[in-house]
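Presented below is the structure to which this report refers.
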There are 2 protein chains.
Amino acid sequence: MSFVHLFRRYLREQGLPVTQQREAIAEVVFSSSEHLSVDDIETRLREQGERIGKATIYRTLETLVKSGLVEEHDFGEGFKRYEHLFGQKPVREHLICTECGKVVDMHSTELHRVQEEAARQQGFLPSRYRLQIYGLCAECRAAGAELRWEGLSCPIETI
Amino acid sequence: MSFVHLFRRYLREQGLPVTQQREAIAEVVFSSSEHLSVDDIETRLREQGERIGKATIYRTLETLVKSGLVEEHDFGEGFKRYEHLFGQKPVREHLICTECGKVVDMHSTELHRVQEEAARQQGFLPSRYRLQIYGLCAECRAAGAELRWEGLSCPIETI
DNA sequence: GTAATTGCAAAGGATTTGCAACAGT
DNA sequence: ACTGTTGCAAATCCTTTGCAATTAC
């Protein structure tokens, strides 16, 4: 069940084989509401008894992204994360806690509008965007964490 | 001449040696207004006769970023880019042309304000953010480029 | 002189690719 | 049958690290 049939349909439309591995990988990504790394996906597959090579996972994720059913994210961790796009409002903004690493999705219509406008003012025709806000989440603030600033506090003012 | 003396000052403050290599690397980064990759930097050093190992470039860039004089960017290309922060308004938004790859800096005060507000509404204390807008730049639009959409045009509507 | 940096080469981690065996249509 | 996928290992790319020789202070 779940949303795997959409991926199956996409594969058929494209004349690509519907394989057991592709279905298993899609199932894992579609049934999680988190941002999964390739290792996360491999682990979950292993937990449910599937033993699928990493190369296949990478290749299937590429197909899933092309299908438009899954989105790729880069939070600057040195590797990518993947997230399905079902039953969510379009999430394009991420709040990333620099203390605990938690990533919170959000979506602001106003933000979207202002961005669109700013890009067009530069003669740009925007198609997609990504916004990452780093800071402290509510929990870490409550736990007394402080923002850390490294290096000179504001070197630019000193020029 | 240039802004290298600021970096020198930072090094002295930190009790770190001021070396020929660090000065040459800083000079290259400070005298370019582009977003330089490590390879770009190595090439420019070589062009001006300096032969400095990649490890040293990486290590010096780390110091430059810590000093607050240089900022690190990740445009999802699989490697980092570096940009000095002199004589510019704070640039936190990048327009990235999906046709020619050009990156245009911008800064919108309104955008900044709206972002700040949206983050706080989620209980978040924002410290820094990055926004990347992908699309077509004015030149590529004039040259007749079209936005390319891969895969299903909008699979989410079909669920 | 002492402590830190340099440069090389090797290691590291994420991702990709080549290719023989295999599975989907 | 034919075409495309899988899985493994090797290769690749960017980046980091270990260590002996060198340089800054």
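Protein chains get the first letters and strands the later ones, always in sequence-line order, with residue 1 at the start of each. These numbers were taken from a predicted model, which means no experiment stands behind them. These values consider heavy atoms only, across backbone and side chains, with no hydrogens, waters or symmetry-generated copies.
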Could you check how far CD of A:Gln14 sits from C1' of C:dT25, rounded to whole Å?
16 Å
Are there over 12 heavy-atom neighbours, none belonging to B:Glu62, within less than 6.0 Å of that residue's CD?
no
When rounded to whole Å, the CG to C1' distance for the pair B:Leu16 and D:dT23 reads 14 Å
From D:dC25, D:dT6, C:dA9, nucleotide with atom closest to A:Arg22 side chain:
D:dT6
Between C1' of C:dT25 and CZ of A:Arg12, the distance in whole Å
11 Å
If I take atom CD1 in residue A:Ile57 and atom P in nucleotide D:dT5, what distance separates them, rounded to the nearest angstrom?
16 Å
Whether over 12 other heavy atoms sit under 6.0 Å from A:Gln48 CD:
yes
Please confirm whether the ring centroid of B:His73 lies under 6.0 Å from the ring centroid of B:Phe75.
yes
Assess, by modelled atom type and distance only, whether the side chains of B:Thr43 and B:Asp40 contain a donor and an acceptor separated by less than 3.5 Å.
no
How long is the line joining NZ of A:Lys54 and P of C:dG13, in whole Å?
11 Å
Nearest whole Å is fine: how far is D:dC8 C1' from A:Ile52 CD1?
15 Å
Are A:Tyr129 and B:Tyr134 close enough that their ring centers fall under 6.0 Å?
no
Report the distance from atom CZ of B:Arg8 to atom P of D:dC25, rounded to the nearest whole Å.
11 Å
Between A:Tyr58 and C:dT16, is there a side-chain N or O to OP1/OP2 distance below 4.0 Å?
no
Among side-chain atoms of B:His35 and B:Asp105, is any donor-acceptor pair under 3.5 angstrom?
yes
Should B:Gln21 be listed as having a side-chain N or O under 4.0 Å from OP1 or OP2 of C:dG7?
yes
Side-chain-base donor-acceptor pair under 3.5 Å for B:Arg59 and C:dG7
yes
5'-most by nearest nucleotide on DNA chain D - A:Ala55 or B:Gln20
A:Ala55
By nearest-heavy-atom nucleotide on DNA chain D, the more 5' of B:Glu77 and A:Pro17 is A:Pro17
Is any side-chain nitrogen or oxygen of B:Thr19 closer than 4.0 Å to OP1 or OP2 of C:dT6?
yes
Calculate, to the nearest 0.5 Å, the distance between atoms OG1 and CD1 belonging to B:Thr60 and B:Ile52 respectively.
7.5 Å
Represent DNA chain D in dot-bracket notation, 5' to 3'. Only Watson-Crick or G-U wobble pairs with both distances under 3.5 Å count; pseudoknot-style crossings use [ ] and interstrand partners use |.
|||||||||||||||||||||||||
Expressed as a whole number of angstroms, how long is the span from B:Glu42:CD to D:dC13:C1'?
14 Å
